[in-house]
Each structure stands twice: as structure tokens, then as C-alpha cells.
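See structure below.
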Amino acid sequence: MRAIIRERAVALENWRPMEFWRRRPETALALAIGAMAVAGLVLRLVELADRPLHHDESIDAWYSWKFLNNSYEGYDPVYHGPLRFYLTAGLFWVFGESHTTARMVAVLAGVGMIVLPWFLRRSLGPVVTLVACAVLAFSPIALYMTRLGREDSLTAFITLAMMVVIVRFLDRPRLLLPALFGFLLAAGFAVKETTFIVVFIFGGFFLALLAEQAARQARAGNAEPTPSNFAGDPEGQRRGLAGLSWMLPAGLVPMGVAFGFSGYYDVEVFLTLGIYGVLMVMVLLMLASPRSIWELPVVRAVRRVPGWGWVLAAAVFLFFFTLWFTEFFRHPDGFADGFTEGITYWRGEQDTNRGSEPWHYYLYTIPLYEYLVCILAVIGAVHVFRNPTFVGKLMVWTAVASWFSYSWASERFPWLALHIVVPMAVLAGYGVAVLWRARRKLWMLPVWAVVAGLVATTLFFGWRTNYVNQRDPRELLTQVHTTHDYVNTVHRIEALNAYSQSIGEGPVTVAVDTAISVPNLWYFRDYEGLQWTNGESAQHASADFVLALAESDIAGSAPDMAHHHTTRMPLRDWWAPQFESYHDGWFSGWAQWMVDREVWNPATLGSTDFDLSVSPRALDLEARMAAAGR
């Protein structure tokens with residue numbers, strides 16, 4: 001902000017864009033990022049309410065509604081942390097309950113991510129900062145997942161914010177930054193258990209960084225570390241092989257081997273990663289004595305904050321962790337559950353492989369939507385390896401380690417791809433910076449033409465995925481989405497119920513099979529005439545509308561439903577690519593899918609269906625309502 005104020009003292013010769021950028025770069029960068037944030041907000045709000053809430057969204061919305069109505073039972077690791085329930089409940093209280101407010105936390109977190117690179121602008125430079133913001137604003141995956149009412153958008157925002165705090169702290173240690181990091185860490189745990197993965201990634205990075213700094217210090221003959229050595233400034237490093245960032249392959253390759261060994265041989269991952277961590281510590285101790293470690297640049301930066309500053313950071317973390325996991329101190333057991341239940345439950349789910357996706361799921365899902373980002377990120381990663389900076393190494397490490405971690409985790413879903421794309425956005429910025437520095441070379445003309453074409457197609461596919469096919473099962477980013485047939489059924493029941501009560505015939509009753517409690521828990525959350533049924537109580541089921549899982553045959557088991565009219569409808573639909581059985585002509589199949597989303601195995605397009613049984617009374621009411629023009 002001070003830089004922007006100082007820029008106003010510089011007179012402008014004219015108001016041409018290049019002149020403005022040259023004379024007032026901070027102001028121009030702020031305006032550009034602000035414009036992208038506004039555009040990102042608009043893109044995330046357009047048609048936000050049109051898509052039905054999918055399976056997980058409806059659960060999140062229902063738990064938020066329960067908290068608002070004082071019926072929330074506390075933290076359950078199956079449905080992740082409670083913080084976004086509190087936030088969404090606040091939006092419900094202020095703006096009312098709707099599809100839009102149920103997704104607004106994700107939207108605001110997505111817009112926040114667009115702005116966060118601004119706080120790294122002095123480390124990244126203007127080109128990298130702009131490109132990172134643009135990717136986070138407009139890329140297909142980032143746009144789709146920040147329009148989805150799950151916790152991943154907020155988790156990604158918190159993770160990126162933690163990275164910003166780390167970089168800002170090590171650039172200039174300040175007293176309150178550790179406390180801010182403690183707050184963000186508590187928020188991360190209170191949103192999603194993947195924060196354990198984030199802690200592992202950051203921990204591995206700093207062990208590798210300390211080892212690299214120890215090796216560089218030993219090569220220099222134990223010379224006094226300088227800020228340039230710490231920051232990774234290429235101008236402050238030796239040229240040749242000594243100037244390369246060997247911590248990246250030396251740390252990441254063994255990590256990949258550890259994950260691969262655990263997955264292939266079904267070995268306890270905590271054992272393999274524990275061995276990896278021990279080996280990293282042993283390498284560090286081999287390179288430096290405990291006393292010399294105390295003098296490494298990272299440790300020196302940490303020591304610049306007095307001890308009570310770190311005590312404050314721990315207190316902030318524990319306070320907010322306790323506040324959120326105990327439901328504002330109402331359930332004391334939640335404190336211990338926050339530390340133990342999440343990691344225990346999700347480790348137990350490792351053998352389940354929910355979603356049944358292969359280990360290479362993200363190797364095709366991300367490039368099929370983010371091919372341009374992937375190409376630029378590879379260029380950027382090579383640039384960081386050859387010209388290392390601290391923030392560049394952090395982004396490479398986080399992107400690769402996230403890819404390893406989420407590929408190992410057996411629950412592989414499209415929304416988790418967002419956590420890989422976020423650091424790749426910054427690496428893509430480095431890639432563009434490399435091309436930009438070579439922009440005056442003749443051979444760059446065809447390169448810019450190719451990049452322009454890839455940008456255009458990426459924006460087109462992003463528009464098609466987010467607005468045309470936003471719940472089409474043939475899109476890899478859509479899973480377990482509720483159908484419009486189901487939502488239309490809910491609207492049909494609500495309209496008939498309002499008509500029935502307006503003419504004095506009482507409420508229209510509804511019975512729902514517990515096997516399809518989701519998304520009915522949300523859509524019928526405060527319905528007056530609702531009852532639940534299952535296979536055991538089916539013979540007693542009696543209602544004007546009965547919604548049952550297609551395989552349950554509740555309609556055929558209940559004597560009172562003998563005259564109901566039954567129709568089968570899709571509740572959720574899907575597409576199973578079945579990559580392991582797709583060998584012949586695979587390139588042409590993917591190419592056809594890219595062009596018009598035509599699938600090569602239409603037999604795997606399916607759905608979870610429900611039977612809608614309508615009573616003669618309800619059919620008569622509908623006939624009278626139609627005759628009355630209602």
C-alpha cells in the first residue's frame with residue numbers, strides 16, 4: 001500500500017497502458033488483480049443456483065442447517081471438519097437457505113485465492129503474480145471446484161494462505177505472523193483432514209531445505225550465511241551444478257518411492273513415510289552438526305521471533321482448534337476427537353477405495369482440463385530447478401508432493417484435483433515468465449500463436465464444463481450429482497402441498513426410503529408431512545408420495561400402496577470410463593471426448609434410480625390444481 005502511495009508522486013506523461021504500468025507498476029498490478037477478482041466472483045455467481053446440490057453438497061448444507069437450528073451433534077470425521085458448517089449457517093441466517101448460500105463459502109474462498117498471490121508479488125514478480133491469479137480465476141478446475149459447495153475450496157484457500165504466511169515470514173520475520181499461521185492451521189484442521197497431508201508436505205519441504213542449506217554451507221567452508229543464500233536468489237548462488245536446487249529431486253524422488261512402495265506392496269504408509277522422515281533427518285545430521293543447524297538461514301529466521309511469540313502462536317492454534325471442534329465449548333470431547341478421530345477414520349478408509357478410481361486418476365483428469373497449465377508448470381518447474389528461489393521451490397515441492405499424496409490416497413475424486421492445481425498455477429506463472437523474457441526472439445512467434453490457441457480452447461472448455469455441462473456425467477469433474485428429475489419431483493410435491501393446504505385439505509404426506517436419505521435430508525429438511533421408511537417398515541408405508549430406492553420394492557410391499565402410480569426416475573447419474581479395459585484406439589476416443597464429450601463406452605453411463613409412487617388422492621389434487629390454473 002505504501003508503494004502505491006509513493007507511486008502517486010511520479011508524474012504520468014500520458015495515460016497509455018504501458019506508460020501507466022511503467023510509472024505505477026504496483027497500482028497497475030493491483031488494478032489488474034482486482035479486475036480478475038471481480039470477474040472471478042461474477043463467473044462463480046452466474047447460474048450458481050441452477051445446478052442441483054449433489055450428494056456431498058446436500059450433506060454439507062443439511063449439517064449447516066442443523067447447526068443453525070441447534071441440532072448439530074458435533075464433529076464427525078465422515079463429513080469432515082465443522083468450520084464450514086458454522087460459516088454456511090451464518091450465511092443461511094443472514095441471506096436465507098438456498099443453493100446459492102449453500103455454495104457461497106466455496107465461492108468466497110475461490111475469490112480469495114485469486115487475490116492471495118498479490119501478497120507474494122515481491123517474491124514472484126508481476127508476470128508470475130498475474131498469471132497465477134489468472135489461472136486461479138479462470139482455469140476449468142479452479143472455477144468448477146470453487147462453485148461446488150464442498151469444503152475443498154476453503155481448504156485450498158487456507159493452504160495457499162499458509163504458504164503466503166510462510167514466505168512472508170521468512171522474507172521478513174514479524175511477531176504476529178506465527179500467530180496468524182497458527183490460526184490458519186487450526187482452521188485447516190477444522191475444515192478437512194487433508195491438513196494432515198499439508199503438514200506432512202510442509203514438514204518434508206523444510207527438512208529438505210535445511211539439508212540443502214547445510215550442504216551449501218559446508219561447500220562454502222562454513223561461511224556466514226547471507227540473505228541471498230537463504231532466499232535462493234540466483235544472483236547470490238554459485239553458477240553451474242552448485243547453483244541448482246538439488247533438494248527438489250533429492251527429496252521428492254524418495255517420497256514418490258515411499259508412496260509407491262506403500263501402495264504397490266500394501267505396506268503401512270505411516271511406516272514407509274516414517275522411514276522417509278527418519279532418513280531425511282539422518283541426512284541433515286550427516287551434513288551439519290546440531291550447532292551449525294542452529295545457524296542455518298531458516299533457523300536464524302525462526303530465532304528472530306522471541307519465545308513468547310511462538311507461545312502466542314501455539315495458544316492461538318489451541319484456542320481456535322478447541323473453539324471449533326468443541327462446537328464453541330459445548331462438547332469438550334471434540335478437542336481430542338479433532339486430533340485423533342479424523343486421522344484414524346480416514347486411515348481406516350484407505351482400504352475402501354471409495355470412487356474405485358486408479359492410482360493414476362489425476363494423471364489424466366488434470367491434463368485433460370488443464371493441459372496448458374501443465375505445460376507451463378513443467379517449464380516453470382525446470383526454471384525453478386535451474387534458478388531456485390524459496391517461493392519457487394516451495395511451489396514445486398507442494399505441487400509434486402500433493403500429486404504423490406493424493407494419488408496414494410485411495411479416495412480419489414475430482415474435487416481433490418484443486419489442491420494440486422493451486423501450486424501449479426504459480427509454476428505456470430514461472431513458465432510464462434520464461435516465455436516472456438524470450439518474447440523478442442523470432443522463434444517465439446509460433447510459440448505465442450500456439451499458446452494463444454491453447455488459452456482460447458481452455459477458456460472454451462472451462463465455459464462448457466461450468467455452464468453448459470455443469471452436471472453432465474460425461475464430464476470428469478462431475479460425480480454423484482443429483483438429477484433435475486429429482487429436483488422437479490421435490491418442486492412438484494411442494495407446489496401440490498401448498499395448493500392442498502390452501503383449499504383446506506391438509507398437507508400432502510411424503511414417505512422417503514432411508515436408503516436414499518441423501519439428498520432428501522436437505523430437500524425435505526423442514527417438510528411438515530414427512531415420514532421415513534425402510535425395508536422392515538415398508539408394509540406400513542402410506543403417504544401421498546413415496547420415494548424409494550429402485551431396488552427396495554417398498555411400493556410392492558405396502559398394502560396401502562396397491563393403487564399408487566409408480567414411476568422410476570434417476571436420482572444420481574454417472575459415467576465410468578473404465579480405463580483398464582480401454583485399449584483399442586484410445587487416442588481417437590479421448591480426442592472425440594475432448595471435442596463433443598462423446599464417450600467410448602456408453603454402456604457405463606448409468607444412474608442410481610428411485611421409484612416415485614403417487615397416491616390416487618395426490619393425482620386427483622394435481623388434476624384439480626391444473627384445472628384451477630395453479
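Put simply, the side chain of N497 gets close to the backbone of V508: a donor and an acceptor are under 3.5 Å apart. Using modelled atom types, no side-chain atom of R464 and backbone atom of F460 make a donor-acceptor pair closer than 3.5 Å. Proximity of a side-chain donor or acceptor of T194 to a complementary backbone N or O of I197 within less than 3.5 Å is not detected. Looking at H331, its side chain never comes within 3.5 Å of a backbone N or O of D333 through a donor-acceptor pair. Listed for the R44 side chain is a donor-acceptor partner under 3.5 Å among the backbone atoms of A137. Within the 3.5 Å criterion, the main-chain N or O of E598 finds no donor-acceptor partner in the side chain of R474. Under a 3.5 Å cut-off, the side chain of D513 and the backbone N or O of N534 do not form any donor-acceptor pair. Counting only distance, with no hydrogens or angles, the side chain of S139 and the backbone of A142 share a donor-acceptor pair below 3.5 Å. A donor-acceptor distance shorter than 3.5 angstrom exists from the side chain of S71 to the backbone of K66, with no hydrogens or angles considered. Remark: the backbone N or O of V599 is not paired with any side-chain donor or acceptor of Q592 at under 3.5 angstrom.
Between F317 and F320, the gap from one ring centroid to the other reaches at least 6.0 Å. Y523 and Y486 have their aromatic ring centers within a separation under 6.0 angstrom.
With hydrogens and angles left out, the side-chain atoms of S517 and T514 include no donor and acceptor closer than 3.5 Å. No side-chain donor from either of D573 and H481 sits under 3.5 Å from a side-chain acceptor of the other. Side chains of S500 and E505: no donor on one and acceptor on the other come within 3.5 Å. Side chain to side chain, T482 and R572 fail the donor-acceptor criterion of an N or O pair below 3.5 Å. In the model, E193 has a side-chain atom that pairs as donor or acceptor with a side-chain atom of H80 under 3.5 Å. Residues T509 and D544 have side chains that bring a donor and an acceptor to within less than 3.5 angstrom of each other.
Taking 4.5 Å as the limit, every side-chain heavy atom of D611 sits out of range of all side-chain heavy atoms of L547. Y144 is not listed as a side-chain neighbour of E475, based on a closest heavy-atom distance of 4.5 Å or more. Within the 4.5 Å cutoff, side-chain heavy atoms of T465 are placed close to those of Y369. Put simply, the side chain of P414 reaches to within 4.5 Å of the side chain of Q479, judged on heavy atoms. Between L363 and W403 there is a side-chain heavy-atom pair separated by less than 4.5 Å. Side-chain contact between E47 and N466 is absent, with no heavy atoms from C-beta onward closer than 4.5 Å. Residues Y406 and R412 have side chains not in contact (no heavy-atom distance under 4.5 Å, counting atoms from C-beta outward). By the 4.5 Å heavy-atom criterion applied to side chains, T155 and H419 are counted as neighbours.
Counting non-hydrogen atoms of other residues, nucleotides and ligands closer than 6.0 Å to NE2 of H484 gives a total above 12. Remark: W359 CH2 is loosely packed, at most 12 non-hydrogen atoms of other residues, nucleotides or ligands lying under 6.0 Å away.
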Test salt bridge (charged side-chain N to carboxylate O under 4.0 Å, His left out) applied to R51 and E57, step by step: CA-CA 11 Å; R51 187 179 70 247; E57 287 183 298; 3.7 Å; yes

Intermediate values then yes/no, side chain to side chain contact (heavy atoms under 4.5 Å, CB included), T195 and L185: CA-CA 8 Å; T195 304; L185 186 61; 4.0 Å; yes

Verdict with supporting geometry, Y361 and Y364, ring pair (Phe, Tyr, Trp, His ring centres under 6.0 Å): CA-CA 6 Å; Y361 174 72; Y364 58 79; 5.6 Å; yes

Derivation and outcome, side chain to side chain contact (heavy atoms under 4.5 Å, CB included), residues L621 and Y499: CA-CA 8 Å; L621 278 170; Y499 172 75; 4.2 Å; yes

Test side chain to side chain contact (heavy atoms under 4.5 Å, CB included) applied to V107 and T146, step by step: CA-CA 5 Å; V107 167; T146 55; over 6 Å; no

Audit row: R492, L496, side chain to side chain contact (heavy atoms under 4.5 Å, CB included) steps and yes/no: CA-CA 6 Å; R492 173 187 177 187; L496 190 61; 5.7 Å; no

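Between T101 atom OG1 and H99 atom NE2 the span is 9.5 Å, to the nearest 0.5 Å. In this structure, CD1 on I141 lies 10.5 Å from OG1 on T458, to the nearest 0.5 angstrom. Atom CZ in F181 sits 7.5 Å away from atom CG in L184 (nearest 0.5 Å). Rounding to the nearest 0.5 Å gives a distance of 8.0 Å between CE of M36 and CD1 of I114. Summarising the geometry, atom CG belonging to L477 is positioned 7.5 Å from atom OG1 belonging to T365; distances are rounded to the nearest 0.5 Å. In this structure, CG on D152 lies 8.0 Å from CH2 on W415, to the nearest 0.5 angstrom.
Looking at W65, W62, Y63, F328 one by one, the single match for ring pair (Phe, Tyr, Trp, His ring centres under 6.0 Å) with F85 turns out to be Y63. Partner of F183 under the ring pair (Phe, Tyr, Trp, His ring centres under 6.0 Å) criterion, out of F319, W324, F189: W324 alone.
Using a 4.0 Å cut-off between charged side-chain N and carboxylate O, R150 and D60 make no salt bridge.
Residues passing the side chain to side chain contact (heavy atoms under 4.5 Å, CB included) test with P332, sequence neighbours excluded: none. Judged as a ring pair (Phe, Tyr, Trp, His ring centres under 6.0 Å), and not counting sequence neighbours, the contacts of F325 are Y75, F321.
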